Each structure stands twice: as structure tokens, then as C-alpha cells.
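Structure, as C-alpha cells:
Predicted, not measured: the structure shown is a model, and the values here were computed from it. Chain naming here is simple, since letters A, B, ... match the order of the sequence lines and numbering starts at 1 in each.
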Amino acid sequence: MIDIKYLREKPEEVKAKIKKREMDLDSVVDEILTVDAQKREQMGKVEAMKAEQNSASKQIPQIKKSGGDASEIMARMKELVALIKEGDAKIAELDEKQTTLLLSLPNLPDDDVVAGGKEQNQEVRLFGTKPEFAFPIKNHVELCENLGMIDYQRGAKLAGAGSWLYRGWGARMEWALLNFFIDEHIKDGFEFILPPHMLGYQCGYVAGQFPKFTDEVYRIENPTGNDMRFMLPTAETALVNIHRDEIIPIEELPKKYIAYTPCYRREAGSYRSEERGMIRGHQFNKVEMVQYTEDDKSDIAFEELVGKAERLVQELGLHYRLSKLAAGDCSFSMARTYDIEVWIPSMEIYKEVSSASNARSYQARRGNVRYRGEDKKMHFAHTLNASGLATSRVIPAIVEQYQNEDGSVTVPEVLRPYMGIDVIKPE
RNA sequence: GGAAGCGUAUCGAAGUGGUCAUAACGGGCCUGACUCGAAAUCAGGUAGCCCGCAAGGGCUCGUGGGUUCGAAUCCCACCGCUUCCGCCA
């Protein structure tokens, strides 16, 4: 949620920033301003009546105590009650309208984020080089099936298209990656969290998934109640809600969390056919990092998160590209996003394994996460998140980049202590 | 799943229909005094949000409704927590 005060003061700036995302929401901004003015006018009227009501209500017991007749003032009170009720209803209606409109606005991109869509993304740096192979390469689906690492057929049997089974060395590698990531993060002083996977509506609201992107998550309906839960699409949704409605003591900032969870996504309408194997599925494992920071220190945290995610990919020895996303390609809730994209040889394409973003105060406003600053005033915290990392994209990259002519896959050095083997060979 | 109880500031807790909700009382924390310093003691201070240029005003006793001129207080629903019983990884 963007700051209504900022929108009120600089509506043209808000409009221009949203345009960088290739969205034209001028009419929404204008409507917010209209509703805002109406609401404030109405509030002025109603609050004056409430003031009268309050003072009258104090007079009644005094009059009664001194034996006087309070019937006249009580009649006026009755009148006021009706008027106030009516006025309050109007305010509530305007407020709801305004909130709905405000929620439909995306976060404003940072000034240095370029305008435009995906095609305007900028490469920040490359790590390593594209591996060269002196033999015809296999894609990760073929490699994983041959090595008995992934069972796509039975995954689909169990849960439909977009689901797979890790087995044998596949399961071992998956587990090794997760442990490797978690160990690295713990070394860096992040607190390890295992959150619930079924979350309440409010979590999705704060993270920015709801009300706009309700279709992208799996909802859980309780047959005997009307409470809605949903399967988290990323651990960020949980982590960003830990301090909802809290005032975090400033000395505890920055808060650094990591969580491991599977991520559950409907991927409705995705072009699955182009993305074979485990590139896009309904469930994938990810270790997620989240930081809460003071509002003038989130840039430092952002650099830290990007650096950490990069380091993991580097330690795995994978060729990747770091991209700074253009405004239109940043997530709805984010002011800036950098993607780490790993090279998938068979697709000849870089695929995202980590996305690091700074939401600034956008999520904290929705979740009312604050701290008292050095200036003794209340500030909204900043929230940032980065994957560290998503394994379902890492395994294809590993097996493809580390494949050998005989169909075996060399295990990246950092994973060997976790797996206890150097090369995964066909049976 | 059954039964009972509870939800008031930073914490504990009083208030059970009005005229002490910034809110009794106690603890914590901050400032000052005393002290070489500390402890103890004493004095003072310790919400957030919204409207308004300001003066000032409004809102918040878990949440939402209702009764009433007036609700922390009475009624209803919901949410959360605790305890006991049952079931259980």
C-alpha cells in the first residue's frame, strides 16, 4: 500500500512512477483524491457532531444530579445519534472505496529503476561462462530420468501435470542443496524459521498477493467452518507477517530470517509446454530470506541479500546472470528487483533461481509493522526478500551444466559432504 | 469434540451503566535530585491513529453488531488465549 499522504501531495509523481511499470492508473489516482476529499469533508462534519454529543453527554448526569430536567438535551442527543450514524456510514463507505482503490495501486519503482517491460531488464553482471560440451548434450529431464533422480510419470499419476517425485540421488541432492543453503544462512546470522504452510487470509493481504492475485494460490476451505486458508506460494508470505501489528524495538533491527518451505502455486494459464521438467511446477522447494530494516537502511540490506544469493550460485559453480529488472517486470509489491538467472544449456536460456526485492514500506504499511526511530517517531519498517535459493531451478542447471558424456553427472564440490558421492552414475 | 474461565497501556492488574480512560494501584523504562559512583529513596515523565494552518477535535477497553440520551460495564455473534476431560502424531 502506498502512502496516501504522498499521493495527496504529489499525485503527478505517483502517476508518473506507475507509468514506468507500463500501467496507466491516472484515473484511479484521481478517483482516490476525489474520494479522499469527500471523506475528509464528511469527517469534519461528523466529528463536530460527536464533539457536541460528548459534551452533552457529560451535562446529563450533572443536570440530573442537581434535580434539573434533562429531557431537552436528551432529545437533541437522539437527533445527533441518528445524524452521526448516517455520517459514519458515509465515511465507512468512502473509506472502503478509497482502500480498495489504494490496494489496486502497485508499489512505486525506485528512481533508478528504468521504465518499461521485461525487454528493458539490464544485465548487471555475468558469473562464469557458458559451459562448452564436446558431445551432444542431454536436457535435465532426460538426465534426471536416466539417473533415477526424478520420476515425472509417477509424479503426474499422483498429482497431475506439473508434479514430480524426487527419488534416490535426486531426493538426496535436493536435500543436500537445502541443507547447504540453510547452513550458509545460519553462518551469516539469519534466524532459521519453519513456518506453517497453510496461512490465513491476512498474510496474503500483507504480502500483496491479495486481493489482486487470489487466483494464483491454492485455497483451503474448511468444510465445517467458513475460515479460509491458503497454501503459501513462497515463505516470504509467512516471514513478512511475523511482525504484523507490532512495534519492533529499534535495537532488534535489522531482523534477518530464513525459512524453508515448499512453495505451492497454481500456475493457472502458464505455458507449461515450453518449460519441460522441473522448471515450473505446482510445488517446489525454496529457502527464502527476509529482512526487516529501518527505513533508511534497506539499501544496505538489499545489497547483502543479492550478494548472499549470488554467493550460493557461485559456490555451486554455476554460470549465471544477474539482472536488474525494469519497472514493469518487478513484482506488484516491490520497488526494485534483481534476478539471478542460471544458465540452462538445453534451453539456451537463463532461468530465475533467485529474485531479490525491496518492498520498502509497501508491505509494512499493509501489515502495520513499525518501529520507533531515533527521532522518537513511529516509522514503518522496510521489508526485503530474496530466494536463497529455489532448488527446482538449481537441479536442472546442475545436472545440465555438470553432465558428462556417459550420462553421469558430477556432483558440485560443496554438495559432496552432504551427499557423500562425487558422481551420480546411471544404474 | 465436550466443559469452564479469560481478553483494559510496556507488563501485572483495578474499574461491573454516566460526571477521574492517559485509564486507580503495583512493576518496568526514561529524566532529575541525593551520591565519589552505584543501590536504596524522593520528584517528574512515560500510547497510537485520524481530521485541522492552528486553536482544538475525533477514534481505540480482542473484533463486529445490538440495547440505551449514555456501554470497558448489559445482550448477541465471531476471533484469540488458558485450564480440565476426550482423542491423538
NZ (A:K19) with more than 12 external heavy atoms under 6.0 Å: yes
Any residue of residues 36-45 of chain A with a heavy atom less than 4.0 Å from an atom of RNA chain B: A:R40, A:M43
Phosphate contact (B:U46 OP1 or OP2) by A:R372 side-chain N/O below 4.0 Å: no
Sugar-phosphate, base or nothing in reach of A:R76, heavy atoms under 4.0 Å: nothing
Reading 5' to 3' through nucleotides 71-76 of chain B, protein heavy-atom contacts under 4.0 Å coded B for base, S for sugar-phosphate only, - for none: ------
Minimum-distance nucleotide to A:S57 side chain [options: B:C49, B:C51, B:G18]: B:G18
Side-chain heavy atoms of A:P412 within contact of A:L415, under 4.5 Å: yes
Gap in Å between the two P atoms, one belonging to B:U16 and one to B:C88, rounded: 47 Å
Qualifying residues under side chain to side chain contact (heavy atoms under 4.5 Å, CB included), relative to A:A259, sequence neighbours excluded: A:I193, A:P195, A:A235, A:L239
Identify each atom pair where a protein N or O and an N or O of nucleotides 55-58 of chain B are less than 3.5 Å apart, giving names and distance.
from: B:G57; atom 1: N2; to: A:E47; atom 2: OE1; distance (Å): 2.9
from: B:G58; atom 1: OP1; to: A:N54; atom 2: ND2; distance (Å): 2.9

Ring-face cation contact, A:F181 with A:K308, 6.0 Å cut, 45° max: no
Pairs flagged by salt bridge (Lys or Arg N to Asp or Glu O under 4.0 Å) wherever residues 91-103 of chain A is involved - sequence neighbours left out: A:K39-A:D95
C1'-based separation of B:C87 from B:G2 [nearest Å]: 11 Å
RNA chain B contacts among residues 80-91 of chain A, heavy-atom distance under 4.0 Å: A:V81, A:K85
Sugar-phosphate only, base, or nothing, as touched by A:R8 at under 4.0 Å among non-hydrogen atoms: sugar-phosphate
Contact nearer the 5' end of RNA chain B, comparing A:M378 with A:K78: A:M378
Between A:Q363 and A:S333, a side-chain donor and acceptor under 3.5 Å: no
